[in-house]
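The basis for the numbers below is simple: all heavy atoms, side chains too, and nothing from hydrogens, waters or symmetry mates.
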Amino acid sequence: MTGIEIFCGIVAVLLLFYYYSVANYNIWKRQGVSGPKPIPLLGNMAAVLFSQMSIGDYTQSIYRKYKSESMVGVFMRRQPALVINDPELIKTVLIKDFPKFSNRGVTVNEVAEPLSQNLFSLEPKRWRPLRTRFTPVFTTGRLKEMFGMIVECVNSLEKHLGTLVAKGDPIDCRELAAKYTTDVIGYCAFGVNMNAISNEESKFREVGREFFSTSFLRVLRIRLKDITPKLYTLLGYILPYSYGTDFFMNTVLNVMEHRKKNKIVRNDFINTLIETQAHPEKLGDIELTDSLLAAQAFVFFLAGFETSSITISNALYELALHQDIQDKLREEINEHYEINNEEWHYENVKKMPVLDAIFKETLRKYPPLTVLTRKPVENYTFEDMKVSIPKDTTVFIPVYGIHHDPDIYPNPEVFDIDRFKDDAHSKRHPMHYLPFGDGPRNCIGARFAVFQSKIGLIKIIRDYKVDVCEQTVIPYKINPRAFFLAPDHPITLKVTKIQS
């Protein structure tokens, strides 16, 4: 073989590789959809892939740059994806045409990560019957029943906080809130005392902390799962499960077995799992494995403690920066404390407009999920736009970008609770506030999260003043590798007891 033939062969291979890397890149141009020019093989999201930018920041940049466009075409490596800006199109995806967009598009790997087959991630076939089974756990009636248990946990929080304050050191409020919400989830959902507040070495707190860590190995596993799912499955037969998987599965299954053996009935999440296990026919032709059951408990545990603890600590951070709002909240708390004879009930918390506005503004500025994703379960055409997308095309809804749009929320970086006065709130499009998503696949535990968070704030702010200190990181810095929106630093505040 001559040198010219070898050279021609190399050129041919390079051309084929180039064609392979850019073959899909004309799909949006053909349909008149605007978007940034992709890089061969890497697409438009290399900064997200290499953890240099969070997905929320990336979709916000697209939202801002192409704000006049209803939709924007981008590429995840070689795969086309859409960023939806228009609120009516968002409503179509989340609500009007939900049956066609019922897939969240999260990778599930039952071999390597058995707990990934949970309600958040599951494909529509298994999601629908399981969602139907678990929805009654979060009704208003059930929340009222759980309210007393939440108060017990928050009393433990109050006692622990008093001990910490007496030492005189600044407090990591994110860790404090995570211990509280871990105990609430354990007590209310599983009937298990997780001892996160009282025990520094609580295994449940350790598992939760590790799952949301952004270490190199943790991020590498996530990238392998998304980029090369088949290889990740093969590795799943060799590599050990991610940290805490065996512990959590065994714990849930043992609690279920203990209750069945001793005929213990408790109106909680575990009881619903036991009933589901006893009547698998109600789920149709779904194979009801132990890992599938444990996965549902796992996602409720993780989402329940992490999103609420971040929200509580973010609210405390903003209250420390805005003492006038903190004083206003404390005044409202004391007023309700006297009206209700120094007791708290489910109904009381719902009648506190300042607390509600603080909570909503915290979720506006720091939405736990910065992006909502959906994938069509079949080829789909946006009729008004005359744009067609293939089955399984990722659709991004840029929640963080919308929540920080100055045309919707003037001065979006300012913490302003007046945004949620009734008159202001009613003038905005409902798709312009999506901290819990919307439609049938919204957050199933949203109301539970709201109430455990509000009670936590009430107990802290009534008796304690939170303030910034030398260790407080200002401005707030988002961790680009975190799954939920979270700071890349502790939320360290000065907490002092208010003298009666």
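Of all non-hydrogen atoms in Asn271 and Arg266, the two that sit nearest each other are CB-O, 2.8 Å. The shortest non-hydrogen separation linking Ser121 to Val106 is OG-CG1, 3.5 Å. The heavy-atom pair separating Ile95 from Gly439 by the smallest distance is CG1-CA, 3.8 Å. In terms of heavy-atom proximity, Thr181 sits nearest to Ser308 at CG2-CB, 3.8 Å. Smallest separation of non-hydrogen atoms from Thr311 and Thr362: O-CG2, 3.7 Å. Across all their heavy atoms, Val377 and Ser102 have their closest contact at CG1-OG, 3.8 Å.
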Working for side chain to side chain contact (heavy atoms under 4.5 Å, CB included), residues Leu434 and Ile90: CA-CA 11 Å; Leu434 297 166; Ile90 293 173; 4.2 Å; yes

Would Lys96 and Glu88 count as a salt bridge (Lys or Arg N to Asp or Glu O under 4.0 Å) if you check the C-alpha gap in whole Å, the side-chain angles of each, and the deciding distance to 0.1 Å? CA-CA 10 Å; Lys96 290 181 180 178; Glu88 285 302 317; 3.7 Å; yes

Step by step, work out the side chain to side chain contact (heavy atoms under 4.5 Å, CB included) result for Arg259 and Ile274. CA-CA 9 Å; Arg259 289 200 191 178; Ile274 293 170; 3.8 Å; yes

List the steps, then state whether side chain to side chain contact (heavy atoms under 4.5 Å, CB included) holds for Tyr187 with Thr182. CA-CA 9 Å; Tyr187 194 16; Thr182 297; over 6 Å; no

Residues Lys260, Glu257; criterion salt bridge (Lys or Arg N to Asp or Glu O under 4.0 Å); working and verdict: CA-CA 5 Å; Lys260 288 186 290 184; Glu257 191 58 37; 3.6 Å; yes

Output, in order, the C-alpha distance, side-chain angles, deciding distance and verdict of salt bridge (Lys or Arg N to Asp or Glu O under 4.0 Å) for Glu347 and Lys144. CA-CA 9 Å; Glu347 292 78 8; Lys144 288 180 179 180; 3.4 Å; yes

Start with the C-alpha distance between Asp268 and Arg142, add both sets of side-chain angles, then the distance that settles salt bridge (Lys or Arg N to Asp or Glu O under 4.0 Å), and finish with yes or no. CA-CA 8 Å; Asp268 60 9; Arg142 287 285 186 94; over 6 Å; no

Before you tell me yes or no, could you show the steps for Ile458 and Met352 under side chain to side chain contact (heavy atoms under 4.5 Å, CB included), namely the whole-Å CA-CA distance, both residues' side-chain angles and the distance that decides it to 0.1 Å? CA-CA 10 Å; Ile458 285 171; Met352 300 178 69; 3.9 Å; yes

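By the 30° and 60° cut-offs, the orientation of the rings of Phe138 relative to Phe269 is tilted.
Between the side chain of Lys365 and the backbone N or O of Glu413, at least one donor-acceptor pair lies under 3.5 Å. Between the side chain of Asp86 and the backbone N or O of Leu89 there is at least one donor-acceptor pair closer than 3.5 Å. Side-chain atoms of Arg126 never come within 3.5 Å of backbone atoms of Gln117 as a donor-acceptor pair (strictly under, hydrogens ignored). Here the side chain of Thr394 pairs no donor or acceptor atom with the backbone of Ala81 at under 3.5 angstrom. Side-chain atoms of Asn379 come within 3.5 Å of backbone N or O of Lys391 as a donor-acceptor pair. Without hydrogens or angle criteria, Asp97 side chain to Leu94 main chain gives no donor-acceptor distance under 3.5 Å. Without hydrogens or angle criteria, Arg104 side chain to Phe120 main chain gives a donor-acceptor distance under 3.5 Å. Without hydrogens or angle criteria, Asp57 side chain to Met53 main chain gives no donor-acceptor distance under 3.5 Å. At least one donor-acceptor pair closer than 3.5 Å links the side chain of Tyr409 to the backbone N or O of His432. The main-chain N or O of Met431 is found under 3.5 Å from a side-chain atom of His429 such that the two form a donor-acceptor pair.
For the atom pair OG1 (Thr381) and NZ (Lys100), the distance works out to 9.0 Å, reported to the nearest 0.5 Å. Atom CZ of Phe451 sits about 13.0 Å away from atom CE of Met146, to the nearest 0.5 Å. Note that OG1 of Thr370 is 10.0 Å distant from CZ of Phe396, once rounded to the nearest 0.5 Å. Atom CD1 of Ile397 and atom CD1 of Ile84 lie 7.5 Å apart (nearest 0.5 Å). Between the CG atom in Leu355 and the CD1 atom in Ile417 there is a gap of 10.0 Å [rounded to 0.5 Å]. Note: Leu283 CG to Arg133 CZ = 6.5 Å, rounded to the nearest 0.5 Å.
Contact check for Phe448 versus Ile185: side-chain heavy atoms found under the 4.5 Å cut-off. Inter-residue side-chain proximity for Val93 and Phe382 is flagged as met; some heavy-atom pair is nearer than 4.5 Å. For the pair Ile358/Phe415, a side-chain contact is recorded, criterion being any heavy-atom separation below 4.5 Å from C-beta on. Two residues are said to be in side-chain contact when any heavy atoms from C-beta on lie closer than 4.5 Å; Thr59 and Val399 fail this criterion. A heavy-atom distance below 4.5 Å is found between the side chains of Gln452 and Tyr180. Put simply, the side chain of Met45 does not reach to within 4.5 Å of the side chain of Arg77, judged on heavy atoms. Residues Pro170 and Leu493 form no side-chain contact, since every pair of their non-hydrogen atoms from C-beta on lies 4.5 Å or further apart. Val83 has its side chain out of reach of Val371: every pair of non-hydrogen atoms, C-beta onward, lies at least 4.5 Å apart.
Judged by distance alone, the side chains of Asn44 and Tyr58 never bring a donor and an acceptor atom under 3.5 Å apart. Remark: the Tyr366 side chain and the Glu318 side chain contain an N/O donor-acceptor pair separated by less than 3.5 Å. His258 and Asn262 form a side-chain donor-acceptor contact under 3.5 Å, judged by distance and modelled atom types alone.
Considering Glu145, Lys350, Arg447 as possible partners of Thr140, the one that fulfils the side chain to side chain donor-acceptor pair (under 3.5 Å) test is Arg447. Of the options Asp405, Asn85, Leu372, a side chain to side chain contact (heavy atoms under 4.5 Å, CB included) to Pro398 is made by Asn85 and by none of the others. Among Lys477, Arg481, Arg174, the single residue meeting the salt bridge (Lys or Arg N to Asp or Glu O under 4.0 Å) criterion with Asp488 is Arg481.
Phe298 and Phe300 have their aromatic ring centers separated by at least 6.0 angstrom. Aromatic pair Tyr476/His489: ring centres closer than 6.0 Å. Between His403 and Tyr433, the gap from one ring centroid to the other is short of 6.0 Å.
With Phe420 as the aromatic partner, Arg364 does not meet the cation-pi criteria of under 6.0 angstrom to the ring centre and within 45 degrees of the ring axis.
Checked for salt-bridge contact, Asp183 and Lys179 miss the test: no charged N lies under 4.0 Å from a carboxylate O.
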